[in-house]
Amino acid sequence: MNDKNSLNGIQRNFSTQYYSGIPLKQIDRGYGKAKARRFTVNGTNQNVWIPCKHLYPDGTIKPGQEIDYVFVQSKRQLELAGVRLVYQVD
């Protein structure tokens, strides 16, 4: 099967996923052996790259992953996407 929802025989997840209340949707592209995948933020054209070590092969974010650093590094993209980060120091 070689359609847009399948990559190397793995059915890909293009549904909206949420991380800390931020809606993310995997961008449809051929990733090959890429070490990260691109996700749109909040339904806008702003995007972030999430390393594959935090994802299942289909692009689903693994439960319990701590990927806040991805969003801290991309705070301008989040601002443009209408997402507000709140920092809390314990």
Side-chain angles (χ1 to χ4, degrees):
M1 179 183 228
N2 193 14
D3 63 66
K4 79 177 232 170
N5 293 326
S6 178
L7 179 66
N8 298 329
I10 297 172
Q11 194 70 16
R12 297 191 289 170
N13 180 4
F14 292 116
S15 61
T16 301
Q17 304 176 59
Y18 292 87
Y19 177 79
S20 295
I22 301 171
L24 302 166
K25 191 171 184 180
Q26 184 179 189
I27 294 175
D28 179 20
R29 58 178 290 182
Y31 290 99
K33 296 185 182 210
K35 295 184 180 186
R37 295 202 180 164
R38 239 168 63 185
F39 288 78
T40 59
V41 180
N42 203 20
T44 66
N45 65 346
Q46 301 304 314
N47 62 77
V48 295
W49 286 88
I50 299 178
C52 288
K53 67 182 180 181
H54 301 296
L55 306 171
Y56 287 118
D58 69 350
T60 302
I61 300 170
K62 294 178 181 176
Q65 293 295 301
E66 185 66 43
I67 58 174
D68 291 345
Y69 71 94
V70 170
F71 300 104
V72 170
Q73 292 173 348
S74 305
K75 60 184 170 183
R76 179 64 180 151
Q77 284 88 349
L78 293 177
E79 181 183 319
L80 293 171
V83 175
R84 184 170 171 245
L85 284 181
V86 178
Y87 299 98
Q88 180 178 344
V89 178
D90 292 327

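Throughout, numbering of the chain's residues begins at 1 and tracks the sequence. Keep in mind that what you see is a predicted model, and the values were worked out from it rather than measured.
Side-chain contact check for F39 versus V70: every heavy-atom pair is 4.5 Å or farther apart. Under the 4.5 Å side-chain criterion, counting only non-hydrogen atoms from C-beta, D28 is in contact with R12. For the pair Q17/T60, a side-chain contact is recorded, criterion being any heavy-atom separation below 4.5 Å from C-beta on. Side-chain contact between R37 and L55: present, with at least one pair of heavy atoms (C-beta onward) separated by less than 4.5 Å.
Taking Q65 as the reference, H54, K62, I67 meet the side-chain contact (heavy atoms from CB on, under 4.5 Å) condition, with sequence neighbours excluded. With sequence neighbours left out, R84 forms a salt bridge (Lys or Arg N to Asp or Glu O under 4.0 Å) with no residue at all. For K53, the side-chain contact (heavy atoms from CB on, under 4.5 Å) test picks out P51, Y69, with sequence neighbours left out. Considering only residues two or more places apart in sequence or on other chains, S15 meets the side-chain hydrogen bond (donor to acceptor under 3.5 Å, both in side chains) condition with N13. With sequence neighbours left out, the side-chain hydrogen bond (donor to acceptor under 3.5 Å, both in side chains) criterion links E79 to R76.
Every pair tested for side-chain hydrogen bond (donor to acceptor under 3.5 Å, both in side chains) that includes a residue from residues 38-49 fails, sequence neighbours excluded, so the list is empty.
When all heavy atoms are compared, the tightest approach of C52 to A36 is SG-N, 3.7 Å.
Here CD1 of I27 is found 10.0 Å from CZ of F14. Values are rounded to the nearest 0.5 Å.
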